Amino acid sequence: MSFAVKIDLQDGASPILRRALDGLTPTRINPVIGRSATNTIREHLFGLNQSRPNRLGGRRTQFYAQAARGTQYQVQENGVVVSINQVGIRQRYFGGTIRPRNGKKWIAVPARSEAHGKTPREFSNLRFVQYRPDLAALLQVAGRSRQSIDDSGNVTGGDEELGLVMYWLKPFVTQKPDPTVLPYGELITSRAGADAKTYVERLWQRGGTS
Amino acid sequence: MIFAEPMPFVEAVQSRAVRQLLPTELRTRLLAEIPAQLRERAFFSAGVENANFLQRATDLVDELVAGKTNRATARTELKRFLGSLGEDVDETDLTDLRSDARLNLVLDTNLQMAQGYGHFIQGQDPAVLDQWPAQELVRVIDAKEPRNWPQRWADAGGTFFGTRMIALKNDPIWTKISAFGLPYAPFDFNSGMDLADVDRDTAIEAGLIDRDTELLPQDRDFNQDLQATPAVREQSLRMTLAELMQGVATFDENGVLRLDGGAQ
């Protein structure tokens, strides 16, 4: 799931900024606050994308860069909401238990780099093996044993030989919360406050805030 | 305060809404010759004539924009639609519609274009444009074989500030460096480049603007398009394209844009 953050500068605003904010219509200042927060979050997420390759080492899905590109603000009557429209970002931030949906029994966890960023259905050669009531796996077919060649030259018979585990299957997965997925709230609001302040000061220097 | 539910990316959604399906046998080179204003109002993929596939793909891009699905799930759904789930194909072959590389390209390019437009149009809000009148072309994803963006920037007449590639948001440089002729990211297929806002103080230091000059916000006229019904928008797109491509390509009886005299 994706999620959204509401930015509220009024509580922690300096007296100067508070006067400035009071002197402006929300429609004028809120986009500056929203864009500032969006920029801070985008920068943070692009940075995470550079510093956190997937641990299996496979082809990257650029998850955090995509989250950065899905970050945007919407001005509302009573403030600004910044939203990160990217599946999985809320789970990373809050953590929690994921259970199978839509009648499925297992959560598939990639075990190898080739499986990273792909769904099990995209593979044609996976076989289900259950080890315990709460643990199973999808193994790659490595080949066949005891094959023979008939009179026409066709290869027949042979049992499937299973090779590497591509996915572990679990009835649920619990992940720890990771608050570092977002920049500190204070950083977002202090930057937004500073941007709003310079914007308002410039309007005053030009001779009015109307 | 953090909410569980995301807010719709309204501007990105609008850029999706103006796009009409364009099944075509044309390949990338000829499609690139269609004016950008028409291409950003069409949903197509080089050589894809199957309107049902395009419809499924555009629906999935909408879900990606909304943050309701992920790329692997969307790609799996397209493979299911194509009947190619589990088929052995060269996953790096961009010419094979069944490959990971091609399906990722379709999904990523369209998703990023919607998001890029959304970011662009939010940046054109008068107050935002006043505070951040310029932007910088920055690498956000490392590439094994990066394109030479500084060279492309220089060829397009861009000015460097040290090594930084910065220009006013409404400078024509942005459409010039874009393979798609659009002023917003992505600027090419599978590109690791994106944009970062540059505030007015920095833009003043770079000599791009003074304290008081206010830039005129730009848009792509999508609001006007959205006043019309989808049927009217589709008819308008087809008529304009038919006229423009006269002697090169024609719509057949199934609405597929075909090259005159056979495929390329």
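Just so you know, these numbers come straight off a predicted model, no measurement behind them. Sequence lines set the chain letters: A, B, ... in the order given, protein chains first and strands last, and positions in each chain run from 1.
- Residue contact with chain A, scored on non-hydrogen atoms closer than 4.5 Å, involves the backbone and the side chain of B:Arg211 alike.
- Here the shortest heavy-atom pairing between B:Ala72 and A:Gly117 reads CB-O, 3.4 Å.
- Within 6.0 Å of the CZ atom in B:Phe160, the count of heavy atoms belonging to other residues, nucleotides or ligands exceeds 12.
- Between the CD atom of A:Gln74 and the CD atom of B:Glu11 there is a distance of 5.0 Å, given to the nearest 0.5 Å.
- If you measure heavy-atom distances from A:Glu43 to chain B, you find no contacts under 4.5 Å at all.
- Put simply, the side chain of B:Arg80 reaches to within 4.5 Å of the side chain of A:Arg121, judged on heavy atoms.
- A donor-acceptor pair under 3.5 Å is formed between the side chain of A:Ser124 and the backbone N or O of B:Gly86.
- Contact between A:Val32 and B:Trp132 at its shortest, heavy atoms only, is O-CH2, 3.4 Å.
- Closest approach of A:Thr119 and B:Thr73 over heavy atoms only: CG2-N, 4.2 Å.
- Rounding to the nearest 0.5 Å gives a distance of 8.0 Å between CD1 of B:Ile141 and CD of A:Gln50.
- Residues A:Lys118 and B:Glu91 have side chains in contact (heavy-atom distance under 4.5 Å, counting atoms from C-beta outward).
- In terms of non-hydrogen atom pairs under 4.5 Å with chain A, the most contact-rich of B:Gly123, B:Gly116, B:Ala12, B:Gly118 is B:Gly123.
- Atoms CD1 and CD, on B:Ile121 and A:Gln72 in that order, are 14.0 Å from each other to the nearest 0.5 Å.
- No donor-acceptor distance shorter than 3.5 angstrom exists from the side chain of B:Gln131 to the backbone of A:Ile33, with no hydrogens or angles considered.
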Exercise. Going through the distances and angles, do B:Asp130 and A:Arg206 end up as a salt bridge (charged side-chain N to carboxylate O under 4.0 Å, His left out)?
Worked result: CA-CA 12 Å; B:Asp130 199 85; A:Arg206 288 180 191 159; 2.9 Å; yes
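- Of the listed residues (B:Thr76, B:Val138, B:Asn104, B:Asn70), the greatest number of heavy-atom pairs within a distance under 4.5 Å of chain A belongs to B:Thr76.
- Among B:Arg200, B:Gln115, B:Lys79, B:His119, the residue making the largest number of heavy-atom pairs under 4.5 Å with chain A is B:His119.
- Between the side chain of A:Asn85 and the main chain of B:Met7, a donor-acceptor pair closer than 3.5 Å is present.
- For chain B, the nearby part of A:Gln62 is the side chain; its heavy atoms alone come within less than 4.5 Å.
- For A:Tyr73, the parts lying under 4.5 angstrom from a heavy atom of chain B are both the backbone and the side chain.
- Looking at A:Asp195, both its backbone and its side chain come within 4.5 Å of chain B, counting heavy atoms on both sides.
- The distance from atom CG of B:Asp199 to atom CZ of A:Arg202, rounded to the nearest 0.5 Å, is 7.5 Å.
- Annotation: B:Asp88, atom CG; neighbour count of heavy atoms from other residues, nucleotides and ligands within 6.0 Å does not exceed 12.
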For this session: Mind running salt bridge (charged side-chain N to carboxylate O under 4.0 Å, His left out) on B:Asp125 and A:Arg35 for me, showing each step along the way?
Result: CA-CA 10 Å; B:Asp125 175 277; A:Arg35 184 69 169 203; over 6 Å; no
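- From B:Arg139, atom CZ reaches atom CZ of A:Phe46 across 12.0 Å, with rounding to the nearest 0.5 Å.
- Taking both residues in full, the closest heavy atoms of B:Ala127 and A:Tyr199 are given as CB-OH, 3.3 Å, listed atom of the first, atom of the second, then distance.
- Counting heavy-atom pairs closer than 4.5 Å to chain B, the top-ranked of the candidates A:Asn39, A:Thr198, A:Thr61 is A:Asn39.
- Heavy atoms of other residues, nucleotides or ligands lying less than 6.0 angstrom from OH of A:Tyr184 number 12 at most.
- The contact between A:Glu122 and chain B is made by backbone and side chain atoms together, counting heavy-atom distances below 4.5 Å.
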